[in-house]
There are 2 protein chains.
Amino acid sequence: MKVLFVEDEPVLIEEMVDYFSTQGYLCESASTYARAEEKIETYNYDIVIIDIGLPDGSGMNLIPRVSRSSEETGIVIVSAKNSLTDKLEGLNLGADDYLTKPFYVEELNARLHALYRRKMLKGNRHIIFDDFVIDPLSKTLSFKNKEISLTKKEYQLLLYFIVNKERVVSKPSIAEHIWGDYFDQSDNFDAVYVHLMNLRKKLNQTSGKDYIKTVYGMGYRFSAA
Amino acid sequence: MKVLFVEDEPVLIEEMVDYFSTQGYLCESASTYARAEEKIETYNYDIVIIDIGLPDGSGMNLIPRVSRSSEETGIVIVSAKNSLTDKLEGLNLGADDYLTKPFYVEELNARLHALYRRKMLKGNRHIIFDDFVIDPLSKTLSFKNKEISLTKKEYQLLLYFIVNKERVVSKPSIAEHIWGDYFDQSDNFDAVYVHLMNLRKKLNQTSGKDYIKTVYGMGYRFSAA
DNA sequence: TTTAATTCTTTAGAATTTCTTTAGAATCAG
DNA sequence: CTGATTCTAAAGAAATTCTAAAGAATTAAA
């Protein structure tokens with residue numbers, strides 16, 4: 001779960017990044033409109049949290065850009081004033097939720113959770129494909145009620161595949177979602193290969209099926225019922 | 001955990017009952033003031049969630065009745081309007097928390113969790129898992145009527161695990177809940193390790209079971225019946 | 001068609017990170 | 001002051017992650 005915080009108050013950024021990192025999110029931040037724009041164009045996020053009042057522009061204008069760059073991305077607006085027009089404008093532009101400053105990080109967390117549920121759990125508590133069940137709370141994968149132990153990277157990888165079910169995901173985008181933008185482009189993707197194969201093997205050994213297909217030269221595609 | 005929802009909107013009732021049932025709560029509902037009054041007098045609930053605006057009376061008047069029938073019961077008020085006086089009046093009458101409509105069930109869940117935690121710390125109800133009994137009043141743990149001495153930190157830790165049963169809790173979040181806000185992120189978590197191991201050892205030595213599983217790189221998970 | 005280049009699979013082990021455990025120093029409460 | 005608790009530090013263990021390398025498969029080029 002990769003999240004971008006667009007916010008100019010350093011203290012708030014720090015608080016949010018600290019908190020949500022411990023919650024298992026992959027956190028990045030942008031403190032200006034320009035930087036946010038750049039990051040949004042370059043990378044892919046699952047959720048973007050946008051403060052409206054930025055020093056060099058209104059966060060409102062970022063909303064369409066996010067939607068354009070990826071339909072999947074959830075958008076939460078944060079604003080200092082509790083203005084109904086602001087709220088409506090934001091939601092109209094395509095934001096998924098709205099929060100007024102000041103707020104508790106716990107509340108933002110609850111909203112992100114709700115958004116997460118709507119986006120990928122679609123109202124369910126578990127993610128289910130075939131005889132597999134993923135419980136995000138206990139971070140476990142099980143096959144016919146028997147737990148399959150996954151490492152952190154394998155678990156993240158699996159979730160990324162689930163979100164992009166039936167779609168071809170490229171190796172660079174996998175790397176970006178699992179390592180963040182600290183990931184050096186010049187690095188080779190050997191690590192991705194290894195984790196991918198380990199996950200593939202575990203899924204295959206327990207079910208006998210091949211869930212992850214290789215699309216030569218393009219990436220991988222995860223398919224399941 | 002038995003919960004009563006006093007709410008007249010059928011859709012909302014359904015949503016809440018659905019959600020909280022999957023969260024392991026035992027859910028009941030009352031859609032009128034009269035029905036709620038009746039249920040409160042007759043049965044015992046751990047938590048009552050009251051919508052102020054009921055068709056046949058103000059939910060506000062239910063608050064003293066709940067307190068009278070059982071001091072233990074937690075009360076959360078829900079109201080359509082974000083009125084400060086409403087909020088203050090409710091809290092004055094003995095409500096534990098206040099929530100404005102519309103809200104996300106996730107958010108209510110977070111509040112119930114917090115409430116549960118608070119109640120458990122000072123309430124006199126016993127917490128039971130397997131052959132263990134925790135008496136929050138005397139802050140003691142016993143196994144088959146034999147007391148197990150726990151230090152303060154071990155006790156807090158155990159309670160935090162119980163509240164988050166079956167969930168993966170990260171080390172930072174453990175630290176935050178036990179040492180509070182002034183816990184420095186830059187501190188290393190050695191102390192957490194130590195207390196955790198001590199608790200783990202005590203539980204294991206008395207019961208022979210392993211209650212606390214390490215989820216490598218993510219945190220720990222407590223499981224019990 | 002054959003060859004070369006690229007991309008992918010697989011394995012093994014090195015490097016790193018995270019966890020466990022112990023012991024003793026510091027701190028706190030009675 | 002004394003004893004219990006809490007914290008720090010450090011060493012070793014364990015698990016994960018990464019690197020590297022060799023071979024297989026696929027595509028592109030000759």
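Throughout, protein chains are lettered first and strands after them, A, B, ... in sequence-line order, and every chain is numbered starting at 1. No experiment lies behind these values; they were computed from the predicted model shown.
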Please list, one pair per line, the donor and acceptor atoms closer than 3.5 Å that link side chains of residues 209-225 of chain A to other protein atoms, with sequence neighbours excluded.
{"unit_1": "A/K209", "atom_1": "NZ", "unit_2": "A/D130", "atom_2": "OD2", "d": "3.3"}
{"unit_1": "A/Y211", "atom_1": "OH", "unit_2": "A/D130", "atom_2": "OD2", "d": "2.6"}
{"unit_1": "A/T214", "atom_1": "OG1", "unit_2": "A/R200", "atom_2": "NH2", "d": "2.7"}

Value for OG (B/S142) from CZ (B/F132), rounded to nearest 0.5 Å, stands at 9.0 Å
Distances under 3.5 Å only, N/O to N/O: pair up the protein atoms with those of nucleotides 25-28 of chain D.
{"unit_1": "D/dT26", "atom_1": "O2", "unit_2": "A/Y216", "atom_2": "OH", "d": "3.4"}

Send over the distance from A/L157 CG to D/dT16 P, rounded to a whole Å.
15 Å
Taking the minimum atom-to-atom distance to the side chain of A/M197, which one of D/dT17, C/dT9, C/dT11 wins?
C/dT9
State whether A/K201 places a side-chain N or O below 4.0 Å from either non-bridging phosphate oxygen (OP1 or OP2) of C/dT11.
yes
Which nucleotide wins on minimum distance to the side chain of B/D190, given the candidates D/dT6, D/dT8, D/dT17?
D/dT8
From the set D/dC18, C/dT9, D/dC7, return the single nucleotide nearest to any side-chain atom of A/T214.
C/dT9
Of the listed nucleotides (C/dT7, C/dC19, C/dT22), which one gets closest to any side-chain atom of B/Y193?
C/dC19
Value in whole Å for how far the P atom of D/dT5 lies from NZ of B/K202:
7 Å
Under 4.5 Å between any side-chain heavy atoms of A/D18 and A/T22, yes or no?
no
D/dT6 phosphate, OP1 or OP2, under 4.0 Å from B/T151 side-chain N/O
yes
Within the structure provided, determine whether B/E154 and B/K201 are in side-chain contact (heavy-atom separation under 4.5 Å).
no
Integer-rounded Å distance: D/dC18 P and A/L196 CG:
13 Å
Can a donor-acceptor pair be found between the side chains of B/E28 and B/Y45 at a distance below 3.5 Å?
yes
Short side-chain N/O contact from A/W179 to OP1 or OP2 of D/dC18, under 4.0 Å:
yes
Expressed as a whole number of angstroms, how long is the span from A/K152:NZ to D/dT17:C1'?
11 Å
May I ask you to check whether A/S138 and A/D135 show a side-chain donor-acceptor distance below 3.5 Å?
yes
Checking contacts here: which listed nucleotide (D/dT17, D/dA9, C/dC8) is nearest the side-chain heavy atoms of A/Y220?
C/dC8
In the structure I gave you, are the side-chain heavy atoms of B/L115 and B/V76 within less than 4.5 Å of one another anywhere?
yes
Contact nearer the 5' end of DNA chain C, comparing A/V194 with A/V215:
A/V215
With respect to the phosphate group of C/dT21, does any side-chain polar atom (N or O) of B/R200 fall under 4.0 Å of OP1 or OP2?
no
Separation of D/dT17 atom P from A/F189 atom CZ, nearest Å, is 18 Å
Rounded to whole angstrom units, what separation is found between the NZ atom of A/K153 and the P atom of D/dT17?
5 Å
